[in-house]
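Scroll down for the structure; my scribbles are underneath it.
What you see below is based on every heavy atom in this structure, not just the backbone, and it leaves out hydrogens, waters and symmetry mates. Along the sequence shown, residues carry numbers from 1. Nothing here was measured: the structure is a model prediction, and the numbers come from that model.
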Amino acid sequence: MRRKRIALIAVAVFLVLPVFEIFYGVNIAYAQNNIDPVKTREWQSPDPGSPSGSGGSSANVPLVPASSPVSHTHDFQYVTVQEASENQDEVVQLRCACGDVAESFTVPGSAVGVFIKRVVKEITNASKDAVVTVDTKICTCYNQVIIDALLKRPDVTLVTNYRYNHVDYSVTIPAGYDVSTLLDENGYCGFRYLDQILGE
């Protein structure tokens with residue numbers, strides 16, 4: 001009787017084992033043969049709703065290799081996505097080649113820097129006794145760089161058309177004016193200050 005019971009249990013295990021492996025993704029052979037599970041392939045059961053799923057003969061359904069996720073290590077680099085213009089600060093992103101963006105920001109003062117470079121160039125390249133006229137919607141002051149350019153070209157008259165609090169103004173620094181007296185203690189010369197001492 002005991003032998004009969006053991007034989008029945010062995011038959012039951014033999015019949016149930018393949019089904020257990022298929023639906024729970026376990027390959028008993030690995031454990032029995034002491035195979036390193038880290039070095040073996042990962043397995044999963046097929047979709048139960050497919051023709052080869054639970055509707056068919058489970059014992060004959062082959063195991064399907066599981067899809068392995070694609071790993072990716074971000075390599076973020078600073079990328080300029082908008083060059084600075086006289087009316088727009090430079091826009092920079094900290095971006096990976098895969099397209100993910102960790103940070104996006106504008107570079108303060110980069111638009112003003114473009115404006116200052118343009119004014120210096122026009123003063124430097126102006127013909128003798130020329131009148132240089134510049135327009136700006138965002139800049140409200142000059143700095144040491146502009147003053148130095150005017151000191152090298154005392155024959156040049158500089159006319160600045162600007163906007164302040166949504167109002168348009170124009171101020172003129174005449175040729176020969178002692179521009180070294182225009183800077184404040186921080187090295188700047190505000191357009192509204194120029195209006196006060198030179199008149200609109």
Side-chain angles (χ1 to χ4, degrees), residues 36-44 65-127 130-173 175 177-198 200:
D36 186 357
V38 177
K39 298 180 181 179
T40 60
R41 300 180 67 183
E42 183 180 292
W43 298 89
Q44 67 181 9
S67 58
S68 56
V70 178
S71 62
H72 171 68
T73 301
H74 289 301
D75 181 20
F76 290 106
Q77 303 287 334
Y78 287 104
V79 179
T80 298
V81 295
Q82 171 67 55
E83 294 286 347
S85 67
E86 291 188 16
N87 300 307
Q88 169 75 49
D89 279 329
E90 179 182 1
V91 178
V92 175
Q93 288 183 348
L94 185 58
R95 189 170 64 188
C96 179
C98 72
D100 282 357
V101 176
E103 185 181 1
S104 182
F105 58 91
T106 58
V107 181
S110 53
V112 174
V114 174
F115 170 72
I116 295 296
K117 286 181 181 179
R118 194 252 298 182
V119 175
V120 169
K121 184 177 180 180
E122 292 189 14
I123 293 172
T124 302
N125 297 333
S127 58
V131 175
V132 173
T133 301
V134 295
D135 301 285
T136 179
K137 300 298 182 184
I138 62 168
C139 190
T140 57
C141 68
Y142 285 136
N143 60 9
Q144 183 71 58
V145 177
I146 296 292
I147 298 303
D148 289 343
L150 288 172
L151 286 172
K152 294 177 182 177
R153 292 296 306 273
D155 60 303
V156 171
T157 296
L158 179 61
V159 178
T160 306
N161 300 318
Y162 67 98
R163 176 169 292 178
Y164 180 77
N165 284 345
H166 307 292
V167 179
D168 291 328
Y169 296 91
S170 182
V171 64
T172 300
I173 300 177
Y177 191 87
D178 185 7
V179 293
S180 62
T181 64
L182 296 178
L183 295 176
D184 63 16
E185 64 275 10
N186 297 314
Y188 292 97
C189 173
F191 295 163
R192 299 305 295 152
Y193 172 71
L194 289 178
D195 278 336
Q196 293 176 19
I197 61 175
L198 297 175
E200 295 184 13

Measure the spacing between [atom1] of [X] and [atom2] of [Y] and express it to the nearest 0.5 Å.
X    : Y    : atom1 : atom2 : value
I123 : L158 : CD1   : CG    : 5.0 Å
C141 : L182 : SG    : CG    : 12.5 Å
I173 : T157 : CD1   : OG1   : 10.0 Å
L194 : Y169 : CG    : OH    : 13.5 Å

Judged by atom type as modelled, is there a donor-acceptor pair below 3.5 Å linking the side chain of [X] to the main-chain atoms of [Y]?
X    : Y    : value
R153 : S127 : yes
D89  : T106 : no
T181 : D178 : yes
S110 : E90  : yes

(request) Take N143 and I147, measure what side chain to side chain contact (heavy atoms under 4.5 Å, CB included) needs, and give me the verdict at the end. (result) CA-CA 7 Å; N143 60 9; I147 298 303; over 6 Å; no
(message) Under a 3.5 Å threshold, yes or no: a donor from one side chain and an acceptor from the other, between N87 and S85?
(response)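 Result is no, nothing qualifies.
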(message) When you compare the side chains of Y142 and T160, does any donor N or O come within less than 3.5 Å of an acceptor on the partner?
(response)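 The answer is yes; a qualifying pair exists.
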(request) Decide, yes or no, whether a salt bridge links D168 with K137 under the criterion of side-chain N to carboxylate O below 4.0 Å. (result)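 Yes, charged N to carboxylate O under 4.0 Å.
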(request) Take atom OH of Y164 as the centre, draw a 6.0 Å sphere, and report whether it contains more than 12 heavy atoms from other residues, nucleotides or ligands. (result)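 No, not enclosed.
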(message) Taking atom OH as the centre, does Y188 end up with more than 12 heavy-atom neighbours from other residues, nucleotides or ligands that are less than 6.0 angstrom away?
(response)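 No, OH of Y188 has 12 or fewer neighbouring heavy atoms, counting only those of other groups under 6.0 Å.
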Who passes side chain to side chain donor-acceptor pair (under 3.5 Å) against [X], sequence neighbours left out?
X    : answer
D100 : H74
Q144 : D148
D184 : none

(message) Given the ring of Y162, does R192 sit roughly above its face, with NZ or CZ under 6.0 Å from the centre of the six-membered ring and within 45° of the axis?
(response)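 Checked: cation-pi criterion not met.
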